[in-house]
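A short write-up of the structure that comes next.
Reckoned from all heavy atoms, side chains included, excluding hydrogens, waters and symmetry mates. Within every chain, numbering begins at 1; the chains are lettered A, B, ... in the order of the sequence lines, protein sequences first and strands thereafter.
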Amino acid sequence: MNDLIDTALADEGSRETLAEGAMILRGRARSQAPALLAAVAAIAAEAPFRRMMTPGGLTMSVAMTNCGAQGWVTDRHGYRYTPVDPQTGRPWPALPEALRRLAVEAAAEAGFPGFSPDVCLINRYEPGSKLSLHQDRDEPDRSAPIVSVSLGLPAVFLFGGLTRDAPKTRTRLAHGDIVVWGGPSRLAYHAVQTIKPGSHPATADQRINLTFRKAGPP
DNA sequence: GAGTACCC
DNA sequence: TTGT
């Protein structure tokens, strides 16, 4: 309910700085959301969402899949990118051009021209799902930013600094918001707090997050 | 929110 | 410890 009001009133197209090299483009993906969600459904039909195991042996609350030249995976051996989906034995589905373009444009708008994403990690949150504080550090080319697109249920996003204990900014991410971080913020710790129960017209009881990265060599 | 046991 |  509040989300609908916020979505309607949000300053679509506004930019907020989270830290040096990190900004939020409010509502930037909203108009393309139906096409993005259709693409996600097609990808998930080939590479199903699955809850992966961490190196510690516990199962993540967030369900994940990937598209692009590689996919981010975790199992008891650790975190890494693989060209083949370990669950299906097939390559990950291709990164749709419309998704790639959105990420490239968002990156340029946020001050990172020339972003060349080759992978997209797709996270599916349901109420109760969360992602605890971490860095994205499995990509060798640290000059490439991260572009994160939020769809569906809102989330509380924490964005910190280069150490686990650095001060954090807490912000609400709504349907259509895009966060871009890179440069001095590329290795910033971040987290998604537990998703609260709710329903969104576009996704019902889910939050879908698309994270575009460059996983290939510099 | 902090602290702990436990996952393999 | 990209967990519970």
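Between E139(A) and K214(A) there is no salt bridge, since no side-chain N of the basic residue sits under 4.0 Å from a carboxylate O of the acidic one.
Within 4.0 Å (heavy atoms only), S132(A) reaches sugar-phosphate atoms of the nucleic acid but no base atom. If you check every strand for non-hydrogen atoms under 4.0 Å, D138(A) touches a base.
No side-chain heavy atom of V119(A) sits under 4.5 Å from any side-chain heavy atom of N66(A).
Atom CD of Q193(A) is separated from atom C1' of dG1(B) by 12 Å (rounded to the nearest Å). Counting to the nearest Å, the C1' atom of dT4(C) and the CG atom of L133(A) are 17 Å from each other. Atom NE2 of H190(A) and atom C1' of dT1(C) are 14 Å apart (whole Å). The NZ-P distance, from K130(A) to dG1(B), rounds to 10 Å in whole Å. dT4(C) atom P lies 13 Å from atom CD1 of I195(A), rounded to whole Å.
Within the structure, the salt bridge (charged side-chain N to carboxylate O under 4.0 Å, His left out) test picks out the following pairs touching residues 67-86 of chain A (sequence neighbours left out): R50(A)-D85(A), D75(A)-R80(A). Residue pairs meeting the side-chain hydrogen bond (donor to acceptor under 3.5 Å, both in side chains) criterion with at least one member in residues 102-122 of chain A, sequence neighbours excluded, are R28(A)-E109(A).
Shown for residues 46-64 of chain A: residues whose heavy atoms fall under 4.0 angstrom of DNA chain B, namely G56(A), G57(A), L58(A).
Using cut-offs of 30° and 60° for the angle between ring planes, the F159(A) and W181(A) rings count as perpendicular.
Listed by chain and number, the residues in a side chain to side chain contact (heavy atoms under 4.5 Å, CB included) with V84(A) amount to none (sequence neighbours excluded). Remark: P197(A) pairs with P127(A) by the side chain to side chain contact (heavy atoms under 4.5 Å, CB included) rule, at least two apart or across chains.
Atom CG of D177(A) is separated from atom CD of E16(A) by 8.0 Å, given to the nearest 0.5 angstrom.
A stem is defined here as three or more consecutive Watson-Crick or G-U pairs, each with both distances under 3.5 Å; DNA chain B has none.
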